[in-house]
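The next block holds one structure in the form of structure tokens; read it before the comments.
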Protein chains: 4
Amino acid sequence: MPKDSALPSRNGAASPGKEPRTARGRETLRRLLDAAAAEFGERGFHEASISGITRRAGTALGSFYTYFDSKDSIFSALVTHMSQSVAAAAAAAVAPGSTGVRREREALAGFLAFARQHKELYRIIDEAEFADPDAYRAHYMGTAKRIAARFDESVAAGTMSPGDNEVRAWAAMGMNVFLGLRFGVWGEEREPDDVAAEAERLLRDGLGPRG
Amino acid sequence: MPKDSALPSRNGAASPGKEPRTARGRETLRRLLDAAAAEFGERGFHEASISGITRRAGTALGSFYTYFDSKDSIFSALVTHMSQSVAAAAAAAVAPGSTGVRREREALAGFLAFARQHKELYRIIDEAEFADPDAYRAHYMGTAKRIAARFDESVAAGTMSPGDNEVRAWAAMGMNVFLGLRFGVWGEEREPDDVAAEAERLLRDGLGPRG
Amino acid sequence: MPKDSALPSRNGAASPGKEPRTARGRETLRRLLDAAAAEFGERGFHEASISGITRRAGTALGSFYTYFDSKDSIFSALVTHMSQSVAAAAAAAVAPGSTGVRREREALAGFLAFARQHKELYRIIDEAEFADPDAYRAHYMGTAKRIAARFDESVAAGTMSPGDNEVRAWAAMGMNVFLGLRFGVWGEEREPDDVAAEAERLLRDGLGPRG
Amino acid sequence: MPKDSALPSRNGAASPGKEPRTARGRETLRRLLDAAAAEFGERGFHEASISGITRRAGTALGSFYTYFDSKDSIFSALVTHMSQSVAAAAAAAVAPGSTGVRREREALAGFLAFARQHKELYRIIDEAEFADPDAYRAHYMGTAKRIAARFDESVAAGTMSPGDNEVRAWAAMGMNVFLGLRFGVWGEEREPDDVAAEAERLLRDGLGPRG
DNA sequence: CATGAATGAGAGTTCATTCAT
DNA sequence: TATGAATGAACTCTCATTCAT
């Protein structure tokens, strides 16, 4: 399964009515988006500047507005893209037919790998809380909903015990997010596989005393 | 145990060398800190303005600088204060002698209650990622360390199974943070007790199929 | 000999990286520099304001920062320009082949004429003592060095008696500066030629009793 | 002859109507004046602050206004005091009965000694050009007038050749000022006596070729 | 489609001065 | 007489956005 099949094409990332019509235009748009990911990731939304983006992209300042309406709109495009990319990465890491706690481990492993490759992920999603609250909410609501749906399916399949799957989904999502922050972005002293294995044990058996 | 025993006095919240020396000054400082919590909580660090803070506090613009060196420094003071307050609230909610997964449930319940009372909590801590990265890191590193220490103790007491307690602490912290966001700040459709109970079940027994 | 041959081009007066790239930009830069000379000359560095400069230049406030990094940097550019211009004016007033005390008189006459045409000269150089001490020092050190070099040459040529030429150069420079202040800027009741002639007599024969 | 006999008492330095009435008040006033000389000398008029002055003086901010009307007024008091002090120092250095070029040398030596002891002299007088133009003008006009009067007297006594004594006085004053700046304040690599001797030679015999 | 100069609202910060205690 | 908190006008500088070329 081609990894990027679920990823949105960047052709649609420009603001409405500003899609490029020529190959040269598509190239400029792509350079602006890459530059914006770097700029927002390094400096955060408010510290980032349009001139910083165009400087990185090697275009003139005014060219930015050929493709985007505003600073907000390119940031939104980026958040949406990030949100979809990370969802796709997690989905792609799940083996076909996988279920239950095992499936959650695979998704976490995919997420950890993505976070290591895209360290700007947190800076962009987190700043959306302030710069684009709707997108922020949509990202976590959507992610939780996908996890809860997996849990529902697993319960039905008998590979997971029943319970309040919305609460459990938010708990599992928080777990993943903070493991990704700590062991994907801030430090790499644990192997992703070991982190995922420990998380799987927690999710399967809990922390209660054995026996 | 008096709930606030671990809270820092607000006397020390002014920038160094700017501590108030009169009762009137202490009152003004307190009004500024309360106003800043509201302003930063509602608008986020960058959208917040000093004039917004002084307007809420009912002081002149220049009075802000009688007590603080800069916008950054009052924000730092607030983040530190929040960080200490939330830690104290969680600690205070734990019954003396409590241990194991039960103790984690109590701490989470304390945290959820705190989050409901202080909805600005997330806006302030989260924006520290951008406005005061050291404080942000210190907050989560410190919280994770406290949780891991509790886990170590519980394992030693036989009330928790052994495992990689650093990874587990980050997992548990993420769980708490996201449950607090969803069911403390964004919506109140679940009772905190029910959320805490579901989390306790997850932490004790995991999600694996029951045998 | 074209009088301005030694003058720096104003193209290089913008802050580094902010040089204009179009004719329109060069025109704006020139207007800002002229306006700044007037503003600093009339009001002094600290009383001068950027908005005063842009108002005189007929540009928007923000346009100032298209060409200069700060108030300090345009002031520095102006001091340097003034310093070079006055040196060039003095040099240009010296007849080729002139030497000894006669040459000093010619340089003084050139300086007096320059001071009368550029009454902002003193306000700008003098305030550099506070706003740009390095440039201030460099201006007078450089001027003294040029005068001392002329003295050395004249002594070698036998058109001047030997002595401590560094001390003498500072003395002669001070003489010129104060004659320029009094009879160039503050009042014009003496003809520049008469002033220069009196100074020449002083420098040639001293004030001692004749006979 | 007591050196300070011509110095103004500092009792009269407060703003009108604000003279101290008690010994404690006189002490506070004196501390403020000393602190102001240091603050203005180190930082210049505009960079100096009232709070910097009171901090140095060890008094409360508000106490400043017990003795002075404004920042300008204490600066004016200081400029006047400096101007009178330097005049007194030069006068005191002249031997009774001295005349002609010899007398000028003595006055210069007194001035150089004063400048070395009061390095804030230039910063204060020079900034008066901007902060108190009338006092600045009065200082130099007055100084030039005193020098010219000495010249007149010397010419009448036959110890000096006749000439345009106003022009010559400004020339001599500028000489003194710049020698004081260079060899009194900026560097001390020349002995004051040697500087004064070189200046005397210049003033007596000029720089023309001997013979 | 690309360029880069021009715009101006708005921010944080300073500090001389006032005043109640 | 001394204190120090309060005031607010004024400043420099930033940068998203517009627009003529």
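Quantities reported herein were computed from a predicted structural model and do not represent experimental measurements. Letters go in sequence order (proteins before strands), and every chain restarts at 1.
Nearer the 5' end of DNA chain F, as judged by each residue's closest nucleotide, is the contact made by B:Thr22, out of B:Thr22 and C:Ser63. Taking for each of B:Asp72 and C:Gly58 the nucleotide of DNA chain E with the nearest heavy atom, the 5'-most of the two is the partner of C:Gly58.
One N or O on the side chain of A:Ser15 and one on the backbone of A:Asp69 form a donor-acceptor pair closer than 3.5 Å. Under the 3.5 Å distance criterion, the side-chain polar atoms of C:Thr80 are matched with a main-chain donor or acceptor of C:Ser76. The closest donor-acceptor contact from the side chain of D:Glu19 to the backbone of D:Gly17 lies under 3.5 Å.
Figure legend: cation-pi geometry between B:Lys71 and B:Phe45, with NZ or CZ positioned under 6.0 Å from the six-membered ring centre and within 45° of its axis.
Closest to the side chain of D:Lys71, out of E:dG4, E:dT17, F:dT7, is E:dT17. When distances run from any side-chain atom of B:Arg21 to the nucleotides E:dT17, E:dA6, F:dG4, the shortest one goes to F:dG4. Considering only the side chain of C:Ser49, F:dT12 comes nearest among F:dT12, F:dG8, E:dA5. The listed nucleotides are F:dT7, F:dA6, F:dT3; the one nearest the side chain of B:Ala60 is F:dT7.
If you take CZ of A:Arg24 and C1' of E:dC1, they are 6 Å apart, rounded to a whole angstrom. We find that OH of B:Tyr65 is positioned 23 Å from P of F:dG4, with the value rounded to whole Å. Taking atom CG of residue C:Leu29 and atom C1' of nucleotide E:dG4, one finds them 15 Å apart after rounding to whole Å. Per the geometry, CG belonging to B:Asp69 stands 15 Å off C1' belonging to E:dC15, to the nearest Å. Rounded to whole angstrom, the span from the CD atom of C:Glu47 across to the P atom of F:dA10 amounts to 12 Å. In this structure, the CZ atom of D:Phe64 is 16 Å from the C1' atom of F:dT1, given to the nearest Å. Note: NE2 (A:His46) to P (E:dG10) measures 15 Å, nearest angstrom. For the pair D:Leu61 CG and E:dA20 C1', the interatomic distance rounds to 15 Å; values are reported in whole Å.
Residue C:Ile50 is in sugar-phosphate contact alone, with no base atom involved, counting any heavy-atom pair closer than 4.0 Å across all strands shown. Using a 4.0 Å heavy-atom distance criterion, A:Gly25 is classed as making no nucleic acid contact. Note on C:Phe68: nothing from the nucleic acid sits closer than 4.0 angstrom, heavy atoms only. Counting non-hydrogen atoms under 4.0 angstrom, D:Ala23 reaches nothing in the nucleic acid.
Residue B:Tyr67 places none of its side-chain N or O atoms closer than 4.0 Å to OP1 or OP2 of F:dA5. Between F:dA2 and D:Thr28, a contact under 4.0 Å exists linking OP1 or OP2 to a side-chain N or O.
With a cut-off of 3.5 Å on both Watson-Crick or G-U wobble distances, the partner of E:dG10 is given as F:dC13. The nucleotide F:dT21 finds its pairing partner in E:dA2, both defining distances of the Watson-Crick or G-U wobble pair being shorter than 3.5 Å.
A:Glu47 has no carboxylate O lying under 4.0 Å from a charged side-chain N of A:Arg123, or vice versa, which leaves the two without a salt bridge. Here A:Glu27 pairs with A:Arg31 in a salt bridge; the nearest charged N to carboxylate O distance falls below 4.0 Å.
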